[in-house]
Structures are given as structure tokens and as C-alpha cells.
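Labels below follow one simple rule: chain letters A, B, ... track the order of the sequence lines, proteins then strands, and each chain is numbered from 1. Quantities reported herein were computed from a predicted structural model and do not represent experimental measurements.
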Amino acid sequence: MSGESVLERLQKQFGDAITGANLDAIDPWIEVASTAIEEVCRYLKADNELQLDYLNCITGVDYFHSDPKKLQKMGEEPHTLLVYHLSSTAKKHTLVLKVRLPRWKDDREGDLPELPSVTSIWRTADWHEREVYDLSGVWFVGHPDLRRILCPEDWVGYPLRRDYEMPLEYHGIRGR
Amino acid sequence: MVDFFVSTFGMSPTVAAILAAGIQCALLLNVVAVGALVFIWMERKIAGRIQDRLGPTRVGGRFGWLQTLADGIKLIAKEDLTPADADALLFKLAPYISFAASFTAYMALPFSDGWVAVHVNAGVFFILAVLGLEVFGTILAGYASGSKWSLFGAIREAAQVVSYEVPLGLCVVVPVMICGTMDLVAIANMQSAGIWSWLIFHDPFTFCIFWIYFTCAMASVNRAPFDLAEAESELVAGFHTEYSGLRWSFFFMAEYGSMFLVSGLAVILFFGGWNGPLAIMSDKIIGVIPGLGLAGQPNAWGFIAGCVGAANFIMKATIGVTVMIWVRWTLPRLRIDQVMTMCLKYCVPLAAACFLGAVFVKAEIFGLGYLSVDAWLPGLRSDRLEVREGWMTEVEGEGVTLSTEKTLVHGDG
Amino acid sequence: MATNLEDPRIIEFDVRTDEMLVNMGPQHPSTHGVLRLVLRTDGEVISEVTPHLGYLHRCAEKIGENLTPRQWIPYTDRMDYLAAMNMNLGWSLVVEKLLDHELSDKAKHLRVIISELGRIASHLVGMGAYGLDLGTFSPFLYAFRERERILDLFEEVCGARLTYSYLTPGGATADLPTGWVDKVEAFLRQLEPIISDYHELLTTNAIFIKRTAGIGIMSAEMAIDYGCSGPVLRGSGVDYDLRRDGEERYTEMYDGYAYEVVVEKDGHYPQDRNYPKVPREAVLGDCWHRFYVRMLEVMQAMDLVEQGIEKYKSASGDWGVPIKLTQRLPKGDVYLETEAPRGQMGFYLVSDGSAIPWRVRARSSCFCNLSVTSELCPGCLIADVPAIVGSLDIVMGEIDR
Amino acid sequence: MLLAAVDWHSYFFMLFAMLACAFAMGVLLTSNIVRMAFYLVLSLGATAGLYFLAGAEFVGAMQLMIYVGGTLVLLIFGVMLTAQSRFVSMKIRPDEWILVASLGGALLLLLLYVAFSVPEWRMEHPHPAEISVAETKLAAPIGLALSGVRLDDGIGYLFPFLIVSVHLLVVLIGAGYLARTKRRATSEN
């Protein structure tokens with residue numbers, strides 16, 4: 001199934017929730033509004049022609065620079081981008097979904113951006129979302145057990161955010 | 001030995017008795033300790049060869065034969081740790097209980113005709129009973145360590161050993177029943193006419209029951225594939241997780257001690273004890289061919305025959321140990337429920353069935369008496385051993401009485 | 001005790017005993033490194049398993065944001081350190097995809113040879129370590145003996161025995177040494193008969209079958225749902241192998257190679273040949289099948305190496321010159337998954353147009369494979385936990401990154 | 001010599017008897033349930049030693065196998081399985097002490113009275129070495145007596161033996177039945 005037809009179908013089904021797409025990129029992607037991600041994923045998995053039953057990966061990408069000059073040079077609004085790589089074991093095709101999130105919820109620093117969890121669709125999302133929460137700081141609403149997974153439970157900060165600073169000390173161990 | 005000291009050196013009987021007891025203890029302790037050294041070295045060498053490597057090669061010159069000793073010195077030098085959560089008294093005592101049980105059982109194990117520290121009449125039973133006590137050391141060690149893995153090991157050990165005592169007992173009863181005595185010396189002397197007199201070839205049931213015995217014996221001394229109590233891939237090291245140094249090595253010695261013990265018991269019960277396949281020292285080599293008839297004589301010839309017998313016995317028992325080592329390095333480990341299933345669903349019924357069959361053969365019921373070797377080679381068991389102590393005899397007019405007369409021709413420890 | 005078949009988490013107990021909370025790991029002989037499983041047990045029966053990760057977290061993704069792609073290659077080595085060549089390959093392909101770099105035929109065949117040898121080495125360790133998990137020591141050393149030969153071969157190629165950094169974006173750091181392929185062929189001839197020893201010691205061993213068959217059964221739906229991949233996915237009967245079904249850039253490496261995906265069809269494996277048949281007790285998706293798929297993949301990889309050598313000898317072109325250390329990357333993001341020995345190893349690269357990636361992400365196969373433990377283990381005995389975790393064949397370096 | 005004057009048989013008898021009593025006291029006095037079991041093991045083991053000393057090897061081995069090796073292993077097994085922390089340490093209140101002491105003391109007195117009323121005890125007993133060992137060491141009389149035949153004209157123990165066996169069987173089945181408390185446990189609780 002070509003990228004265009006997938007996009008068409010999704011737009012027909014979800015309308016405004018599909019906020020953008022780039023079908024000419026090396027890996028063509030479709031951008032989905034953060035509130036609609038769960039329904040879109042459920043549709044993608046259930047749809048007979050798409051059958052995207054396999055969630056490969058969820059990645060959180062942080063677009064930010066603590067240096068204002070570089071931030072300007074970056075050419076992007078500061079935001080957090082979630083990338084869902086999906087594929088189908090039956091139809092052998094793949095799809096990339098992107099979700100654009102603010103870096104902080106309501107721009108209040110320290111409040112994690114929120115997003116519906118897709119654990120009810122793919123069980124594998126459980127750990128992937130925990131990892132994204134742990135490293136990129138995104139709060140998945142509806143996740144059954146959102147804890148840190150790679151960092152210790154009492155770790156402070158989200159290491160893959162661009163403004164992250166390594167703590168000076170962790171339980172008596174020098175950090176920097 | 002007491003008489004010897006009294007008559008030769010003019011000692012008082014008490015001193016002589018203490019001296020004799022001391023010498024016997026020292027001898028046995030050496031058998032256990034040196035035996036463990038040799039078997040640990042053997043285990044390493046065999047494991048090495050099985051796994052396509054050399055095993056120890058350096059310590060003590062060739063073949064690394066002093067490796068175990070070197071390790072022993074290392075273990076002595078190690079710190080003797082007691083975990084904070086442990087029940088210190090029981091934790092420290094447990095290895096000694098294990099070792100003492102294994103060692104005590106050796107007291108009743110004859111190495112050759114009459115070469116036994118304490119001639120216990122119910123020898124088979126005594127050894128089984130004392131060997132069953134070894135589990136105490138394990139259980140207490142597991143409990144007292146204050147570690148959950150140790151506790152799991154202890155629970156497994158308790159369940160496993162108590163269960164396997166049942167089929168083990170049933171297996172041992174078969175040779176006892178055939179010989180009509182629980183005296184190990186007497187049982188072995190019943191098999192002194194060459195390979196066909198060995199009880200394993202007595203009838204098909206004894207042949208089967210030997211394999212059941214060996215399986216159960218491996219389970220009761222915790223050797224792979226039944227080493228559930230120390231299963232390293234599941235329970236870290238099981239009951240001895242928290243032990244280090246010398247205390248740990250006591251468990252080790254106890255394990256190897258009991259390995260040799262159950263092998264020795266198998267040899268006595270099924271493989272003629274100290275009698276070789278061609279019993280040259282005995283009255284009859286095979287069947288009716290006369291042998292030298294040296295065994296059991298109260299002179300130097302008898303002593304030489306005893307030495308040969310002891311060498312014979314140790315060699316056969318060592319083969320048993322070797323098989324255990326071989327099995328350990330070949331097979332995966334069973335799961336605890338499979339171990340229990342095997343015991344209760346297979347070993348017990350099979351042992352019971354074999355026991356029943358052996359009873360039929362012995363009592364010549366259903367014409368099964370013809371399955372016995374004795375039916376075909378009548379002169380196999382020496383006449384001098386036919387009447388045994390405690391055997392029921394019919395005396396006219398008075399019903400059943402008991403012959404308490406000792407008719408065995410052998411020295412008395 | 002009995003396990004409720006509909007929901008394995010419901011366990012019916014006969015005798016009431018106290019519940020126990022046990023820490024399996026991070027220091028434990030059979031958790032393959034530093035995995036920590038918190039077990040809630042009733043006697044020996046597991047009622048709940050909670051895996052805890054991160055004891056080997058080395059911030060590889062964070063480091064990747066500060067290094068150029070070629071500088072990051074050694075960090076991929078340290079992910080799945082038992083199949084470092086395949087990790088190198090995955091990352092190299094992603095970078096080449098972003099650069100739209102085309103390889104010569106010779107370089108492709110070289111990569112097939114190297115990565116399939118890596119697969120053999122990795123599966124040998126998986127097999128041996130699985131024997132260790134089940135309490136038999138000898139197959140482990142046998143497996144290491146053969147793996148050692150592969151390491152010798154790799155050492156000749158790149159000088160390293162564990163962390164090779166050999167395949168890089170653009171090709172490889174060097175061509176294969178002269179006469180090397182003959183040594184590989186000699187090795188394969190040696191390995192072939194030994195495989196049947198492994199089958200005797202493990203695959204067909206009665207105790208081994210008792211310990212693995214019917215344990216940790218994972219249905220195909222569940223495997224897909226949990227994102228399992230590699231032998232774990234195929235062991236559940238899902239016919240999916242990225243070497244055939246993956247992206248063009250990866251599958252074209254295997255163009256012209258004759259091989260069949262190792263997966264059970266109608267109760268037997270197409271690669272069966274004279275290898276042991278599936279025992280009656282085994283259920284599709286249990287530990288035995290996962291193990292057996294791995295064993296058959298060793299055979300498959302041996303075939304592929306042989307074919308690769310033939311093709312390599314006659315192939316044209318060079319072995320692929322690595323890209324510049326500070327090669328500027330075009331703006332964009334690419335994701336690519338390869339079929340590593342333990343499953344689908346994916347790398348995601350986001351570039352902002354400089355030489356250093358904006359974001360690097362490694363999608364670990366073991367990470368997803370491991371997540372099924374909390375679903376598979378409840379209702380099993382403690383002894384089954386190593387059997388199940390071992391059959392997933394995890395490497396903590398890849399999970400924690 | 002001094003050593004020769006000691007009657008070793010009596011000495012060992014005293015040793016084992018004291019061990020048995022001391023560890024029995026230990027069972028009473030310790031509050032740790034596993035140690036109680038451990039002391040009980042030693043006490044019963046010492047009793048087995050007494051049997052061996054008396055030449056009753058079969059009974060001694062029996063004592064070791066059934067009581068020490070079997071019953072007590074199961075006892076400790078049960079303790080380990082069920083008593084994780086709450087029951088490991090058992091405290092006894094003073095009033096319980098008094099009650100138990102009076103009851104136990106009364107029983108002890110009764111036992112002593114019965115023991116000393118056995119006429120053989122007051123007779124001149126022969127030196128241990130003179131007792132014919134052959135008769136005591138054998139297991140066969142026990143077996144015969146249990147199957148109903150006694151060598152000295154008494155009545156055999158077939159009937160009591162049968163009753164005890166059936167009783168034990170009933171107890172075992174009952175214990176198994178009582179222990180089967182069906183419950184369903186889910187991972188949620």
C-alpha cells in the first residue's frame with residue numbers, strides 16, 4: 001500500500017487529527033495530533049489492509065538548545081517529537097507516525113507533556129513508553145505502570161532532553 | 001585389635017581399647033578426607049576430559065594431583081564469614097552435622113572381609129539411617145543462612161531426600177531379603193563365588209532393582225541431575241550460598257563421602273563386595289571350581305586376601321563414583337516436581353514391583369524360583385554361609401524357634 | 001497446585017503457604033548479566049515476575065548525540081557484545097541509508113559472510129548458555145570451543161576478538177585477508193558434524209525435552225503483540241525474517257542466496273534434513289521451539305556463509321571504503337532494522353545537517369523479547385524461570401544500552 | 001591405672017543420657033522454633049546412642065531413621081514452609097510456665113514411680129560384658145513379635161501393630177485432607 005493511499009484513508013477517517021505528512025522523505029511519515037494517537041493506532045492495527053500489528057519502536061526526539069543563539073539557528077520551534085515505527089508481519093510493510101508535543105505541558109517547566117498511551121494496542125509499547133518517559137520525559141496517560149526503566153528510580157531529570165544537566169552527585173558518586 | 005595390643009605390649013584393656021578406637025577413627029577419617037581429595041581431583045580431571053580440556057595439570061607435578069590439597073589450603077586461609085541475618089549457632093554447626101553424618105556411616109561400612117570399624121548387625125539399615133541424617137546439615141544450613149535462596153535449597157533437599165529414602169529402602173531390602181541378613185559382611189560373603197554369585201545377577205528383579213537403587217542413591221546424595229538443593233542456575237548455590245572457606249569445604253567433603261558410601265553400599269549389595277569376578281582368594285572361583293580359599297583365614301594369608309579384597313572393593317566403588325561424575329557432566333538438571341514425580345510415580349512402584357518379584361523368586365512361588373541363578377548353579381553360595389543367625393528354624397513339637405547361633409566364618413572386626 | 005489454563009496468572013493452591021518475595025539478580029548465575037527479576041513465589045510456584053533493567057545502562061544514545069556516526073561504531077559493538085558484527089552492520093546500513101550510499105557487490109557479500117558468521121557465534125553462545133541454565137555444563141564449553149574458532153577468524157580480519165568495529169558506514173575497515181575464506185570453509189566443514197553432537201546433548205536429550213517442552217508457551221499473537229523478534233518470534237510460528245521481509249537496502253544483500261526462513265510449518269521445519277524431529281511434548285512457541293529455531297539457524301547461516309564465499313570470490317568491485325570520519329550528514333531521519341541473531345535490531349538516526357547526529361536511537365530486540373517474562377513466568381516453578389529467560393537468549397548490554 | 005577403673009559402658013551411658021536430657025531441656029528453654037527442632041534432633045540422636053549402647057542396634061537405627069531422619073525432617077520442613085517470621089520466636093508467658101511445669105512435673109513423677117517399681121531394677125544386675133550380646137542384637141525377634149510370634153511365651157504384637165498402622169494411615173489421610181484448603185490466588189493480590 002503506497003504512502004499516499006494510507007494518508008488518504010487516514011485523513012478520511014480522522015480528518016483534522018492528521019496534522020501533516022512528508023511522503024518524499026527517505027522514510028515517509030505521517031504526523032498525528034497527540035490527542036488522536038490512540039484511535040489512529042487502533043485503526044491502523046485493526047484495519048484489514050494495513051494490519052500494522054507490530055510496533056517496532058517509540059522514540060522521543062527533543063528539539064531544543066539551551067544556548068539561545070543556537071536555538072535560533074536550529075530553525076525549529078522547541079518541541080518534543082515522538083516517532084512511532086510500525087510494521088506489519090502479515091503484509092510486510094511499514095509506517096512511521098510522528099506526534100508533535102510541547103516540551104513542557106502548558107509551557108510550565110517541569111510539567112511533562114502528556115500523550116495517550118498505546119499499551120492497550122501493542123503490549124510492547126509498555127516498556128517502550130517507559131523508556132521514553134525515563135529518558136525523554138513524556139507522560140503517557142493510561143499507561144499501567146509508568147516508572148523509570150533504565151535509570152534508577154530516584155534519578156532526577158530526563159537525560160535525552162537537550163537541556164539536561166548531569167547531576168553533580170548521585171548517592172555520593174561524583175557525576176561531573 | 002584390642003587383644004593384639006594387650007597381648008603384644010601388655011597394655012591395660014582400657015588403654016588398648018581407647019588406642020584401638022583412636023586408630024580406627026583416624027583410619028576412617030583419612031578414608032573420608034583423602035577419599036574426598038581424590039574424588040574431587042578425579043571429578044575435575046574427568047570433567048575436564050569430558051569437556052575437551054585438560055583439567056588441573058600443574059600442582060604436585062604431573063596431572064595436578066595435589067590441586068585439591070592446594071585448594072584445601074586456600075579454603076582454610078579464607079575468611080570464615082557469617083552473614084548478619086544468619087542464626088549464628090546453627091549456621092556454624094550445620095557443616096559439621098553433614099560431615100559427621102557422612103563420616104559416621106563409614107563406621108559400619110566394611111572394606112573387606114571383617115574389615116569394618118564397628119560390626120553392626122543391622123549394617124545396611126544403620127548406614128541408610130545415618131545417611132538420612134546428612135540432610136539435617138543441609139536443612140539447617142539453608143535455614144540458618146538467612147537467605148531465601150538457601151531456604152529454597154533446604155526445602156528442596158528436605159522434600160527430595162525424605163521422598164527418595166522410600167524407594168532406596170525398598171531397593172536395599174531386596175538383597176537383604178535374598179541373603180536373609182542385614183549384616184553387610186555376611187551379604188558380601190554370600191557372593192564370594194565369582195561373578196555369577198553377585199546379587200545383581202541373582203535374578204532379573206535384582207538386576208532391575210540395582211538401577212533403581214543407583215538412581216535413588218544419586219538423588220539421595222544430591223548428585224546431578226538431582227542436585228536440586230544446590231542448583232546453581234536457579235538457586236545461586238542453594239543451601240551453601242552463604243558459606244565460604246572451610247565450612248563450605250565440609251559440605252563438599254560430606255558430598256563426596258556419601259557418594260563413595262552409596263557406591264560402596266551398591267558394591268556390597270549387588271556387586272559382590274570385596275569379591276572379584278574371579279574369586280581366586282575364595283573357596284570357589286566360579287561355581288564349583290575350587291579357589292585358594294585364603295579369605296577369612298585368621299593368619300597372614302587371610303590378611304593378604306583381605307588387602308586384595310579391600311583393593312577390589314575400593315576399585316568397584318570408585319567405578320560407581322566415576323559413573324556419577326560422568327552423569328553429572330553430561331545431563332541437564334531435572335526440575336523439582338519432575339524429581340518428585342520420578343520418585344513417587346516411577347521409582348517407588350518399580351522398586352515395589354521388583355521387590356515383589358524377588359520375593360516370588362526367593363520363595364519359589366509361581367515357579368519363579370527358576371529365574372534365580374541359585375536354581376541353576378546350586379553350589380554357588382558357600383555351604384558355610386547357608387545357615388545364618390536369626391534365621392527361622394522349625395523344631396519339632398515346639399513350633400517356630402530362632403537359631404541364634406553364629407555360623408558365619410569371619411573375623412569380628 | 002494447578003494452573004488455570006485460561007489465565008495463567010490464576011493459580012489454585014492445595015496447601016496454603018506463605019508468599020515470598022525473592023530477588024533473582026542482578027547478581028545471579030542465570031540472568032545473563034545484570035538482569036534483576038523480582039519474583040513473588042508461593043513455595044516454588046511463581047505468582048508474579050517483575051523485571052528490573054538498567055544495571056548496565058551506559059548512555060549509548062546520549063553518547064551518540066556527541067559523536068559522528070563512525071565514531072559511534074564502537075558503542076554499537078558494546079550493545080550486543082556477542083554479535084558485535086551484526087550491530088556494526090545495523091548502524092552502518094542506517095548511516096548509508098541516510099547518505100544514500102551504494103555498495104559494491106563484493107562489499108555486500110563480505111557483509112553477508114561476516115554477519116552470518118557472527119550469527120553462528122552468537123547462537124553457539126546462546127545454545128551453550130541455555131544448557132548452563134538447565135544445569136548441564138559441558139555443551140557450554142563445546143559451544144565456546146567452536147565460537148573460539150570464529151573469534152580467531154574475526155581476529156584475523158580486524159584484530160579484535162569481541163568488539164570488532166569492522167563493518168562501518170561505507171563498507172568495512174579492511175578487505176578480508178588473503179586465504180581467509182579458505183579457512184572459513186575449513187571451519188564450516190569441521191562444524192557440520194559437531195552440530196549433531198549438540199543435538200544429542202541437548203535437543204533430543206530426554207531431560208532437556210522435559211525441561212523445555214511445553215514450558216513458557218507463547219502464542220504467535222502474543223509474540224507479535226509484545227514485539228518479539230528473531231528466533232523468539234519464529235519459535236512461535238510467525239513466518240517473519242527481515243532478511244527476506246525487511247527493507248530493500250537490507251534484503252538486497254541476500255539477493256541470489258538460497259535459504260528458507262526457519263519456521264515451523266505443519267508440525268515440522270523445512271530445514272529438518274536428518275536433524276531431530278519435533279518431540280511429541282513440544283508445543284509451538286515453547287522454550288524447546290525457540291531453542292530449536294536457533295539451532296537450525298546455525299545450519300542456515302552456515303549455508304549462507306558458504307554461498308557468500310562462492311559469490312565473494314567471483315564478485316566485482318572493492319570491499320567498500322569507509323566514509324570520512326567527519327562526513328557531513330544530510331538533514332533528515334532514517335530508521336532501519338536488521339535481522340541480528342537475537343532479533344530485529346533497529347537504529348534510528350535524526351540528523352540536523354551537521355556531522356554529528358541530532359538524535360540516535362537503538363531499538364533493541366532483547367528489550368522487547370525480555371518484556372514477555374512477566375507474562376510467561378507466572379504459574380511456573382522457579383526452575384522454569386532460567387529456562388524461559390534463557391530461551392529468550394538475552395544480552396543485557398543490548399537491553400540496557 | 002586410673003583409666004582402667006572406669007566402667008566405660010556406664011560412662012557412655014551417662015554421657016548419652018545426660019546429652020538426651022540436656023537437649024530435652026534445651027527444647028524447653030529456647031524460644032526459637034528451629035533451634036527447638038534442632039535440640040530435639042540431638043536429644044533423639046542421643047537416645048538412639050543409648051539403644052546402640054544397649055546392643056539394640058536395629059532399634060537404634062530405627063530411632064535414627066524414623067524419628068530423626070523422617071519425622072523431624074518433616075517437622076523442620078513444615079516449620080520452614082509456614083513460619084517465616086511470626087512464629088520463629090515463641091514467647092511463653094509466666095502463667096503458662098507454671099501450668100506446664102506442674103503438668104510436666106506430675107508426669108515425670110508418675111514415670112519415675114513406674115520405672116522404679118519394675119522389680120528387675122532392684123536386682124543385682126550383671127556386668128554388661130557378661131550379657132549375651134547375640135540375643136539383643138538381632139532384629140528377627142522384633143519382626144517375629146510384630147507378626148504375632150514371640151519366643152518367650154508372651155502374646156505377639158500383631159493386633160496392636162495392625163491397630164497402630166491403621167491409625168497412622170487414618171491420621172495421614174486426615175492431615176492431607178485438612179491441609180487442602182483450596183484458594184485462588186491471582187497476581188493482583
* Asked: Taking every heavy-atom pair that is under 4.5 Å apart, which of C:Asp133, C:Leu202, C:Val22 has the most such pairs with chain B?
  -> C:Val22
* For each of C:Leu132, C:Asp384, C:Asn23, C:Val385, tally heavy-atom pairs with chain B at distances under 4.5 Å, and name the one with the top tally. => C:Asp384
Under 4.5 Å from any heavy atom of chain B, what part of [X] do you find: side chain, backbone, both or neither?
X: C:Arg145; value: side chain
X: C:Leu141; value: side chain
X: C:Tyr142; value: side chain

* Atom CZ of B:Arg53 with >12 non-hydrogen neighbours under 6.0 angstrom -> yes
* Which bit of B:Asp227 is near chain C, if near means a heavy-atom gap under 4.5 Å: side chain, backbone, both or neither? -> neither
* To do: Output the option from B:Asp337, B:Leu334, B:Thr330 having the highest count of non-hydrogen pairs under 4.5 Å with chain C.
  => B:Leu334
* For the pair B:Phe152 and B:Trp149, name the ring-plane relationship: parallel under 30°, tilted 30 to 60°, perpendicular over 60°. => tilted
* Just do the side chain to side chain contact (heavy atoms under 4.5 Å, CB included) check on C:Phe291 and C:Thr212 with the steps written out, would you? => CA-CA 9 Å; C:Phe291 175 82; C:Thr212 55; over 6 Å; no
* Taking the six-membered ring for Trp, is the centroid-to-centroid distance between B:Phe260 and B:Tyr256 below 6.0 Å? -> no
* Asked: Under 4.0 Å between a Lys/Arg side-chain N and an Asp/Glu carboxylate O for C:Glu281 and C:Lys210?
  -> no
* Asked: Does a side-chain heavy-atom distance below 4.5 Å link C:Ile215 with C:Asp286?
  -> no
